[in-house]
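Step one of this worksheet: look at the structure below.
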Amino acid sequence: MHHAILDGKTSTSFVKSWAHACKHIILNNGVSTDSDFSLPDQLKPFYDRTVVHDPTGLGLGSLYANEWRKMDGPDNKRVMIWDMKAPPPESVRRIFEFTRPKIQTLRQIVLDAKVSHPIVHLSTFTLVCAYMWVCLVKAQEVDAEKMTIQAFSVDCRARLDPPIPANYFGNCVTGAAGFVKAKELLGEDGLVVAVRAISEAIQGLEKGVLNGAEVWVSKMKDFVQAEGVYSTAGSHRFQIYETDFGWGRPKKVEVVSIDRTGAISLSESKNGGGGIEVGVVLRKHVMEAFASLFAKGFGDH
């Protein structure tokens, strides 16, 4: 599914709506009634595009669409789909779990660090992404002088002025990113540096989520072509393990697109308790190094 049409929150809501209908048909022994398709309010799609206001007056919608089409050549009339490379040979996909105690361990490390200015955003998301960023840079032995980027999507629905309904159906995300030279992440305070970079990127959204939207597409193209870029897919707030087609909760959820995008996937932990599952795809030998670094940071050997 293309981001020109919908974002992760919308696609997840679509799957949950489908599951809701299927579950009620199964509970009714295969008999379908109108009530089976009566969705709870949080799953009822909201389609009105006029609720999104352009604060710049530049016609951001048309500008964005035109710039996107130009990415695949002049006068292109179709929505471009990036040609994602096949995963490298001997790649493996694995899920790592951040339990609530592990997340608290990371939070305490940052709180105990001697910093000149307090770090504002010590959320679970910030801590998890920062730790993954540091471990990936180390495991992949990134050149110390190379600039690395941790990019992530931000749901704009509650951040727009005025806010729009949480069940808005479509694509309503923006991007944010932290920038840090690899050598800063390789040091003793690498986690603190990574957390600060992500925190500052989130803080920058307070200027307005549509700030600089006129150059989003060109920046996106630079990100895609750059090296040392790490990104995220999914969210632990989607509560994907609550999706029930009538067969019970999922035993395991994986985002298979990360095989080609190189992103890390996020979801809530199937074990509950406020934990997070993170999926990652790496070459086998790099995965072994990553797994060792991940465990070592929590004192697990």
Side-chain angles (χ1 to χ4, degrees), residues 1-22 37 39-56 58-85 151-160 163-177 205 209-210 212-224 229 231-240 242-243 245 253-267 279:
M1 290 181 282
H2 201 288
H3 259 290
I5 301 171
L6 44 72
D7 55 24
K9 185 170 185 177
T10 293
S11 62
T12 302
S13 294
F14 171 78
V15 173
K16 285 187 175 183
S17 299
W18 182 12
H20 176 86
C22 289
F37 301 99
L39 296 173
D41 288 343
Q42 68 270 22
L43 292 179
K44 291 178 180 177
F46 182 88
Y47 295 111
D48 186 0
R49 298 293 186 260
T50 64
V51 296
V52 180
H53 298 286
D54 179 359
T56 68
L58 297 175
L60 288 178
S62 298
L63 180 64
Y64 186 85
N66 290 336
E67 288 297 311
W68 185 272
R69 286 196 294 267
K70 289 178 185 176
M71 287 180 70
D72 202 27
D75 300 319
N76 178 45
K77 300 299 182 183
R78 67 185 178 88
V79 175
M80 187 189 74
I81 299 177
W82 282 320
D83 183 18
M84 299 297 183
K85 296 179 180 178
F152 51 94
S153 297
V154 179
D155 185 359
C156 295
R157 290 167 177 81
R159 292 177 178 269
L160 288 170
I164 66 174
N167 56 341
Y168 175 87
F169 191 99
N171 185 45
C172 194
V173 293
T174 185
L205 296 170
V209 291
L210 295 178
E214 62 274 12
V215 295
W216 280 355
V217 176
S218 59
K219 282 188 175 181
M220 191 186 305
K221 187 174 183 179
D222 291 341
F223 277 9
V224 171
V229 179
S231 60
T232 61
S235 170
H236 62 292
R237 294 186 177 183
F238 291 165
Q239 299 295 304
I240 194 65
E242 293 182 2
T243 307
F245 281 83
V253 174
E254 292 186 279
V255 180
V256 296
S257 63
I258 66 173
D259 292 4
R260 294 176 178 270
T261 64
I264 62 171
S265 64
L266 302 174
S267 72

Test side-chain hydrogen bond (donor to acceptor under 3.5 Å, both in side chains) applied to Asn167 - qualifying residues, sequence neighbours left out: none
Closest approach of Ile258 to Thr261 (non-hydrogen atoms, all atoms of both residues): CA-OG1, 3.3 Å
Spatial distance of atom CG (Leu210) from atom CG (Asp54) [nearest 0.5 Å]: 7.0 Å
Non-hydrogen side-chain atoms of Phe46 and Phe169 separated by less than 4.5 Å: no
Contacts of Thr174 that satisfy side-chain hydrogen bond (donor to acceptor under 3.5 Å, both in side chains) - sequence neighbours left out: none
Heavy-atom check, side chain of Arg157 versus side chain of Pro165, under 4.5 Å: no
Phe245 vs Val15 side-chain heavy atoms within contact, under 4.5 Å: yes
Pairwise side-chain contact, Leu205 with Val154, heavy-atom cut-off 4.5 Å (strictly under): yes
Tell me which donor-acceptor pairs under 3.5 Å the side chains of residues 231-240 have, and how far apart each pair is, sequence neighbours excluded?
from	atom 1	to	atom 2	distance (Å)
Ser235	OG	Arg237	N	3.0
Gln239	NE2	His236	O	3.1

Separation of Tyr168 OH from Asp155 CG (nearest 0.5 Å): 11.5 Å
Gap between atom OG of Ser11 and atom CD1 of Ile5 - 0.5 Å precision: 11.5 Å
Heavy-atom pair of closest approach, residues Val173 and Cys156: C-SG, 3.7 Å
Electrostatic pair Asp7:Lys9 at N-O distance under 4.0 angstrom: no
Approximate separation, where rounding is to 0.5 Å, of Leu43 CG and Ser13 OG: 6.0 Å
Atom pair CD1 (Ile164) and NE2 (His53), whose distance is rounded to the nearest 0.5 Å: 9.5 Å
Backbone N/O of Tyr47 and side chain of Arg49: donor-acceptor pair under 3.5 Å: yes
